[in-house]
> 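What follows is a structure written as structure tokens; I'll ask about it next.
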Amino acid sequence: MSEDLSVLDREVASVISSIPRGKVTTIKTIAESLGDKRATLAVFLSLKKLKNRGIEGWHRVVRENLQADPDAIPLLKAEGVTIRGNAVDRSFITGRVRKSAILLRMRYAQRMMRDSLVLKEVGDVRTAAGVDVAYVGDVAFGACVVMDRNFNVVEKSVVKVKALFPYIPTYLAFREFRPMYLAARRCEFDVLFVDGHGLLHPELFGEACHLGVALRKPTIGAAKSLLVGEIYGNKVFVNGIHLGWVLGGSYISPGNMISIDDSLKISKMFLLNRSQPEPLILAHMESKMASTKQS
DNA sequence: GCGACAG
DNA sequence: ATCTTGTCGC
Ligand SMILES: [Mg+2]
């Protein structure tokens, strides 16, 4: 069983179908025509998929250094494109390709939802949950694990859904939201840890914010590496503003309905001797286990 | 060789 | 995120 084309794959297919015969464009140009050059790697992976399915136009895309895929060379030569070594002659490059608003619309959605964020002190926290996702191809297994303050697991849920979108830096929630949301919605908790950033995001709206707004629940982002910001001591700053923390190997920031100070306080409360707060460690294991058992 | 981009 | 080897215990 092969994977379905993702929403992004179809956008890429649409863009490359607009490249005239006898012309080529670059991977980065396609990413930009979708709205963000950060999608360059995802476009590269998309093209590989389109090539394997023989979708028209895949061969008219080259790397930034003008190198063409070896399998594309005979096809390009047949259309009259001049190739020296593996590189296409510059005169055949076009930047005039169809544009898509997909990433711009996603960015806009983040900015709109950002207005719903509330940063305030969290109430009493008796239970905390963690959500994470594991993958087998494009099948996503989302897991939510709830613990009390003595680290006893009080509730768990696992869901299995198709991943409809690839990973693109700064758009992670558009890949992981559904499995995370569906798993979390089935549980009861006072605060939710999310395996990804909260405010530590170029739009101040990371995955943890996205989930917090949708669930209308306090959420905390806890990521294993930094996406934006600079570290001074145990604080993380973005554009000179203190938005998060370094804590035991993870980067903590508010998602929604919690203050910056409380995000640290609650994270410490649920931290054992590991790289992330315990509910996330367990959610990670739970999702991974579900993905291994099934498929 | 450099830089990189949460998961 | 996933892909991988060899090794150990059952
Ligand atoms: Mg994860």
Side-chain angles (χ1 to χ4, degrees), chain A residues 2-3 6 8 27-28 31-32 34-46 48-49 63-65 103 106-107 110 114 130-144 159-181 183-184 192-212 219-231 236 238 243-247 249-256 263 267 275-277 280-281 283-295:
Chain A
S2 76
E3 298 176 15
S6 73
L8 190 85
I27 298 171
K28 203 217 285 183
E32 285 165 348
L34 297 173
D36 196 329
K37 70 168 195 253
R38 274 182 276 232
T40 302
L41 179 53
V43 167
F44 170 75
L45 297 170
S46 243
K48 211 155 84 178
K49 223 150 123 190
R63 309 214 224 316
E64 208 49 23
N65 61 13
L103 296 178
M106 287 160 55
R107 193 58 98 208
Q110 291 175 327
R114 180 171 66 195
V131 269
D132 196 10
V133 188
Y135 300 88
V136 177
D138 63 358
V139 180
F141 295 83
C144 182
V159 301
K160 175 187 176 183
V161 296
K162 274 246 172 104
L164 304 177
F165 204 78
Y167 168 68
I168 300 174
T170 76
Y171 303 92
L172 175 61
F174 291 90
R175 174 165 177 78
E176 301 203 317
F177 178 86
R178 282 197 88 245
M180 282 192 173
Y181 176 80
L192 176 68
F193 289 100
V194 177
D195 184 34
H197 289 294
L199 295 182
L200 291 176
H201 181 275
E203 296 294 337
L204 308 185
F205 199 80
E207 183 164 47
C209 303
H210 210 124
L211 276 140
T219 56
I220 297 173
K224 297 178 283 293
S225 66
L226 211 51
L227 178 61
V228 290
E230 310 91 44
I231 299 165
V236 185
V238 178
L243 295 178
W245 307 91
V246 182
L247 175 69
S250 63
Y251 301 92
I252 303 295
S253 60
N256 190 28
S263 71
S267 297
S275 59
Q276 281 188 305
L280 281 179
I281 299 285
H284 188 270
M285 293 174 65
E286 202 66 32
S287 62
K288 184 72 192 166
M289 199 176 307
S291 75
T292 311
K293 280 186 68 180
Q294 300 189 48
S295 180

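In what follows, chains are A, B, ... by sequence order, proteins preceding strands, each numbered from 1.
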> Can you check the A:Leu227 CG to B:dC5 P distance for me, whole Å?
8 Å
> Atom CD1 of A:Ile252 to atom P of B:dA6: distance rounded to whole Å?
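Going from CD1 in A:Ile252 over to P in B:dA6 covers 17 Å.
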> With P as the reference atom in both, quote the distance from B:dG3 to C:dT4 in angstrom, rounded to an integer.
30 Å
> If you compare all heavy atoms of A:Gly137 against all heavy atoms of A:Glu3, which two are closest, and at what distance to 0.1 Å?
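Residues A:Gly137 and A:Glu3, closest heavy atoms: CA-OE2, 3.3 Å.
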> Is the distance between the ring centroids of A:His210 and A:Phe174 under 6.0 Å?
yes
> Just wondering, more than 12 heavy atoms not from A:Lys48 lying within 6.0 Å of its NZ?
no
> What integer distance in Å separates A:Glu3:CD from C:dT2:P?
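After rounding, the gap between these two atoms is 13 Å.
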> With rounding to whole Å, what would you report as the distance between B:dA4 and C:dC3 at their P atoms?
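27 Å, rounded to whole Å.
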> Measure from OH on A:Tyr251 to C1' on B:dC5 and round the result to the nearest Å.
14 Å
> Looking at A:Asp132, is its backbone amide N or carbonyl O close enough to the side chain of A:Glu286 to form a donor-acceptor pair, meaning the two atoms are under 3.5 Å apart?
no
> Can you tell me how far P of C:dA1 sits from CE of A:Met289, to the nearest Å?
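Whole-Å distance recorded here is 15 Å.
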> Using atom P in both nucleotides, what's the gap between B:dG1 and C:dG6 to the nearest angstrom?
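Result for the P pair: 28 Å, nearest Å.
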> Quick one: is A:Lys288 getting a side-chain N or O under 4.0 Å of the C:dA1 phosphate, OP1 or OP2?
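A:Lys288 to C:dA1 OP1/OP2: no side-chain N or O under 4.0 Å.
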> Would you say B:dC5 has OP1 or OP2 under 4.0 Å from some side-chain N or O of A:Ser225?
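For B:dC5, neither OP1 nor OP2 has a side-chain N or O of A:Ser225 closer than 4.0 Å.
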> Phosphate oxygens OP1/OP2 of B:dG7: is one of them under 4.0 Å from a side-chain N or O of A:Lys224?
yes
> For A:Leu243 versus A:Ser253, what's the shortest heavy-atom pair and its separation?
O-CB, 3.6 Å
> How many Å lie between CZ on A:Phe165 and C1' on B:dG7, as a whole number?
14 Å
> Quick one: A:Tyr181 OH to B:dG7 P, roughly how many Å, whole number?
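Answer to the nearest Å: 24 Å.
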> What nucleotide, of B:dG7, C:dT2, B:dC5, holds the atom closest to the side chain of A:Asp195?
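Closest nucleotide to the A:Asp195 side chain: B:dG7.
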> Base, sugar-phosphate or nothing for A:Phe177? Non-hydrogen atoms, less than 4.0 Å.
nothing
> Look at the side chain of A:His197 and decide which nucleotide, out of C:dA1, B:dA6, B:dC5, has an atom nearest to it.
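When the side chain of A:His197 is considered, B:dA6 is the closest of C:dA1, B:dA6, B:dC5.
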> Would you mind reading off the distance between A:Leu41 atom CG and B:dG3 atom P, rounded to a whole angstrom?
18 Å
> Check the geometry between A:Tyr167 and B:dG7 and answer yes if their rings are stacked (centres below 5.5 Å, planes below 30°), otherwise no.
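The base of B:dG7 is stacked with A:Tyr167 (centres under 5.5 Å, planes under 30°).
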> Under 4.0 Å: is that the gap between some side-chain N or O of A:His284 and OP1 or OP2 of C:dA1?
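For C:dA1, OP1/OP2 do have a side-chain N/O of A:His284 under 4.0 Å.
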